[in-house]
Amino acid sequence: MMDNDVDIREMSDADLAWAQILVDDLLGSRLQARMDELIDVLSLPGLVAEYNGEASALLTYRKGSDAVEIVAICSTVPRCGKALIDALKLRFATMSIWLVTTNDNHRALRSYQRQGFAVIETRKGAVARARRLKPSIPLVGQGGIPMQDELVLRYEPGDARATGG
């Protein structure tokens with residue numbers, strides 16, 4: 001699949017039923033706990049990736065004064081998540097972009113780093129605090145790795161990593 005096979009558009013109210021199913025399947029709920037906060041990811045602005053005319057991926061975000069946070073990203077088709085991040089980078093070309101993931105999420109970590117994100121903080125034990133807000137967070141994640149820490153990653157436009165250099 002090539003990135004140009006993917007169309008990106010704004011998420012709309014018409015997407016909510018599909019998006020609810022997607023986040024339930026891939027994230028367990030529209031309520032996500034991270035950074036000691038519980039967030040309804042579908043109450044935020046978002047982008048939808050369509051592959052072959054079908055909604056295949058979702059990214060929701062929060063825009064601050066100097067940075068944009070990717071709050072949720074879910075994809076059922078390989079590379080649609082990357083296309084969404086690329087679209088967000090274009091939309092907010094002069095702003096930093098950051099996100100939080102867990103220490104077990106090795107597939108996403110690899111992808112984020114290839115896209116110019118760098119780990120800027122490890123929040124040791126943060127997943128235990130997140131479980132107080134969302135008890136359904138599993139103890140063990142991808143590859144049998146215990147879910148314990150939150151990793152904060154940041155993309156800076158103009159950084160050598162951001163351009164593949």
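Numbers for residues simply follow the sequence, beginning at 1. Note that these values count all heavy atoms, side chains included, but never hydrogens, waters or copies made by symmetry.
Here I137 is tied into one hydrophobic group with V127, M147, each link being a pair of ILVMFWY side chains closer than 4.5 Å. Membership of the apolar cluster around L44 extends to M11, L16, W18, L22, V23, L26, L27, I39, V41, L42, V48, L58, V71, as traced through chained side-chain contacts below 4.5 Å between ILVMFWY residues.
One hydrophobic cluster, built from ILVMFWY side chains closer than 4.5 Å, holds both L99 and Y155. The hydrophobic cluster containing M35 does not contain V68, counting ILVMFWY residues as joined when their side-chain heavy atoms lie under 4.5 angstrom apart, directly or transitively.
Separation of the Y61 and F92 ring centroids falls under the 6.0 Å cut-off.
Put simply, the side chain of Q115 reaches to within 4.5 Å of the side chain of S111, judged on heavy atoms. Between R110 and R107, the closest side-chain pair of non-hydrogen atoms falls below 4.5 Å. Taking 4.5 Å as the limit, every side-chain heavy atom of V119 sits out of range of all side-chain heavy atoms of Y112. N105 places a side-chain heavy atom less than 4.5 Å from the side chain of T102. Contact annotation: the side chain of I8 approaches that of L84 to within less than 4.5 Å [non-hydrogen atoms, C-beta and beyond]. Residues V152 and T101 fail the side-chain proximity criterion, which asks for heavy atoms closer than 4.5 Å.
The CD1 atom of I73 sits 8.5 Å away from atom CG of L88, with the distance rounded to the nearest 0.5 Å. If you take CG on L133 and CG on D36, they are separated by 7.0 Å, rounding to the nearest 0.5 Å. In this structure, CD1 in I70 is found 10.5 Å from CH2 in W98, a value given to the nearest 0.5 Å. Between K124 atom NZ and L151 atom CG the span is 9.0 Å, to the nearest 0.5 Å. Residue L139 holds its CG atom at 9.5 Å from CD of Q148, rounded to the nearest 0.5 Å. Residue I85 holds its CD1 atom at 11.0 Å from CZ of R114, rounded to the nearest 0.5 Å.
Of all the heavy atoms in E150 and A130, the pair that sits closest is OE2-CB, 4.3 Å. Across all non-hydrogen atoms, the minimal contact from A67 to R154 is CB-NH2, 3.6 Å. Across all non-hydrogen atoms, the minimal contact from A57 to G81 is CB-N, 4.4 Å. Nearest heavy-atom pair, A83 versus V6, reported as atom, atom and distance to 0.1 Å: CB-CG1, 4.0 Å.
Evaluation of the salt bridge (Lys or Arg N to Asp or Glu O under 4.0 Å) rule for E10 yields R91 as partners, not counting sequence neighbours. D149 meets the side-chain hydrogen bond (donor to acceptor under 3.5 Å, both in side chains) test with no other residue; sequence neighbours excluded.
The stretch residues 39-53 participates, sequence neighbours left out, in these salt bridge (charged side-chain N to carboxylate O under 4.0 Å, His left out) pairs: R9-E50, R30-D40. Residue pairs meeting the salt bridge (charged side-chain N to carboxylate O under 4.0 Å, His left out) criterion with at least one partner in residues 55-75, sequence neighbours excluded, are R34-E69, E37-R62, R62-E69.
Between the K134 side chain and the L31 main chain, a donor and an acceptor come within less than 3.5 Å of each other.
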**Prompt:** How far apart are the C-alpha atoms of F117 and I97, what are their side-chain angles, what is the distance that settles it, and do they pass the side-chain contact (heavy atoms from CB on, under 4.5 Å) test?
**Reply:** CA-CA 8 Å; F117 286 81; I97 300 172; 4.0 Å; yes

**Request:** Start with the C-alpha distance between I145 and V140, add both sets of side-chain angles, then the distance that settles side-chain contact (heavy atoms from CB on, under 4.5 Å), and finish with yes or no.
**Result:** CA-CA 6 Å; I145 298 170; V140 178; 5.9 Å; no

